[in-house]
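Beneath this line is the structure, given in structure tokens, with notes to follow.
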Amino acid sequence: MQNTIQHELKKVINQLLHLKRPDNESHLKELAAEGKALGYFPRDFGMDEWDWPQGIGLYGLNKLTNQEGFDGYQDFFVKWSNEQIERGLPLKNVNTTAPLLTLMDLPSVEKLALEWMQWVENECPRTKENGIQHVTSGNTSKFELNLHDQEIWIDTLFMVVLFTAKMGKKYNNPGWMNEATYQFATHIKYIFNPGNSLFFHGYDFNHQNNFSAAHWCRGNSWFTLAAPEFLEIMQDSITEESRDLIFGTYKAQVDKLVELQHANGLWHTLLDDKDSYTEVSGSAAITAGILKGIRLGLLDSSYLAPCRKAVAAVLENISEDGTVLNVSGGTPVCEHKEDYKKIVFAPTAYGQALVIVLLAEALYHTEL
């Protein structure tokens, strides 16, 4: 299995670095215009933009650091960041913070990371109870914003809160570390459903609801992946109470996810709706988060069996040229649950990257 994982991983990496727009792009545009297909966003393809898909791409490549058989990507990070800065960076928002989770380690990006952290601390829009409002780039321009007034989304934990925690640890700043911990607690308070141990996509403080109350796969996967990452970053810089809250939520969610895993090894895009399609990017992130939990000692070895099944399923969804198949497009909070089933499939930077994260993690687990 390990040889297969290494072989497929190299293919997926190569395709991420050379990813182009989908062959059927014009058809996707037509379907989107007619309301028959949702989730087409040009920024999701390739590594040419500075936004969350590319941030996940950098994060995935960074997971290969010190992995035998893989060259480091530090030179690529330097070149990529220099080119992006020269081109002109997008407006600061939750999603455009994601690249800095990786790039903050570069000396050449230190000043920019500190500037962005000041934005997070002092300028980014907040909801009631001081949640980080899920502000994103405009649908067609990086110089426009979608404010999503008084909305928190589960995505924020991965896109900006991990960066906040990592900056807090790097600069020994208790305020930043406390902020990151508070955001985890707030998102759990309003987005986690204790009735079934799954996360909703978000929470709307204006209407005091969870939108369509959808339990979206990739949304849930952001928490499954972010929770062990956050606990690893923070180490002892977190209270026992906060650690118990995050770990307890993670463990309950993982147990429910294992219960909901489809026979094919993947998870449905609406986790609790067996009529919705199974989706690869969210499934890869869920599995990576579970495997990391096992490696960190948060979960025992009994969780290897569903992971083994999921890894095999993801490998089956890698094409000969390294394209990750059956990845759902960009997903805003949908008005109705059924709308999640209309999100298009397309090869994306984050789809490639989340499979890289999974396979890089899988290399630590020879028992797979």
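Computed from a predicted structure; not experimentally measured.
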From NZ (K342) to CG (D339), nearest 0.5 Å: 5.0 Å
Over 12 non-hydrogen atoms of neighbours within 6.0 angstrom of CG in N3: no
Co-membership, hydrophobic cluster, residues L100 and I233, 4.5 Å side-chain: yes
Shortest non-hydrogen separation from S328 to R218 and the atoms involved: OG-NH1, 2.8 Å
N-O pairing of E259 and K256 below 4.0 Å: yes
Atom pair CG (L359) and CG (L315), whose distance is rounded to the nearest 0.5 Å: 5.5 Å
Minimum-distance pair of heavy atoms, taken over all atoms of P306 and S302: CD-O, 3.9 Å
Qualifying residue, where the test is side chain to side chain donor-acceptor pair (under 3.5 Å) with T278 and the options are N264, T269, N326, N317: N264
Distance-only donor-acceptor check, side chains E129 and T127, under 3.5 Å: no
Separation of T156 OG1 from I132 CD1 (nearest 0.5 Å): 7.0 Å
Side-chain donor-acceptor pair present, Y59, E229, cut-off under 3.5 Å: yes
H201 and W153 aromatic ring geometry - parallel, tilted or perpendicular at 30°/60° bounds: perpendicular
From OG1 (T102) to NZ (K166), nearest 0.5 Å: 6.0 Å
Residues E83, R87: salt bridge by 4.0 Å N-O rule: no
Same apolar cluster: L266 and L291, side chain cutoff 4.5 Å: yes
Verdict with reasoning, L325 to E316, per side chain to side chain contact (heavy atoms under 4.5 Å, CB included): CA-CA 9 Å; L325 308 175; E316 290 175 1; over 6 Å; no
Gap separating the CD atom of Q261 from the OG atom of S283, nearest 0.5 angstrom: 8.0 Å
Nearest heavy-atom neighbours spanning W116 and P90: CH2-O, 4.2 Å
Aromatic ring proximity, centroids under 6.0 angstrom, H215 and F199: no
Nearest non-hydrogen partners of G329 and Y350, listed with the distance: C-OH, 3.0 Å
W267 with Y340, same ILVMFWY side-chain cluster at under 4.5 Å: no
Between Q183 and E179: side-chain donor-acceptor atoms closer than 3.5 Å: yes
Verify same cluster id: V94, L162 (apolar side-chain graph, 4.5 Å): yes
Donor-acceptor side-chain pairing of D255 and Y303 below 3.5 angstrom: yes
Same cluster (ILVMFWY, side-chain, under 4.5 Å), V161 and W119: yes
Stepwise side chain to side chain contact (heavy atoms under 4.5 Å, CB included) check, T186 with Y203: CA-CA 10 Å; T186 301; Y203 183 80; over 6 Å; no
Atom of P53, atom of D44 and distance for their closest heavy-atom approach: CG-OD1, 3.4 Å
No-hydrogen, no-angle side-chain donor-acceptor test under 3.5 Å, H207 and N209: no
Residue that, paired with D273, satisfies side chain to side chain donor-acceptor pair (under 3.5 Å) out of H268, K341, K337: K341
Atom of E49, atom of Q84 and distance for their closest heavy-atom approach: C-OE1, 3.7 Å
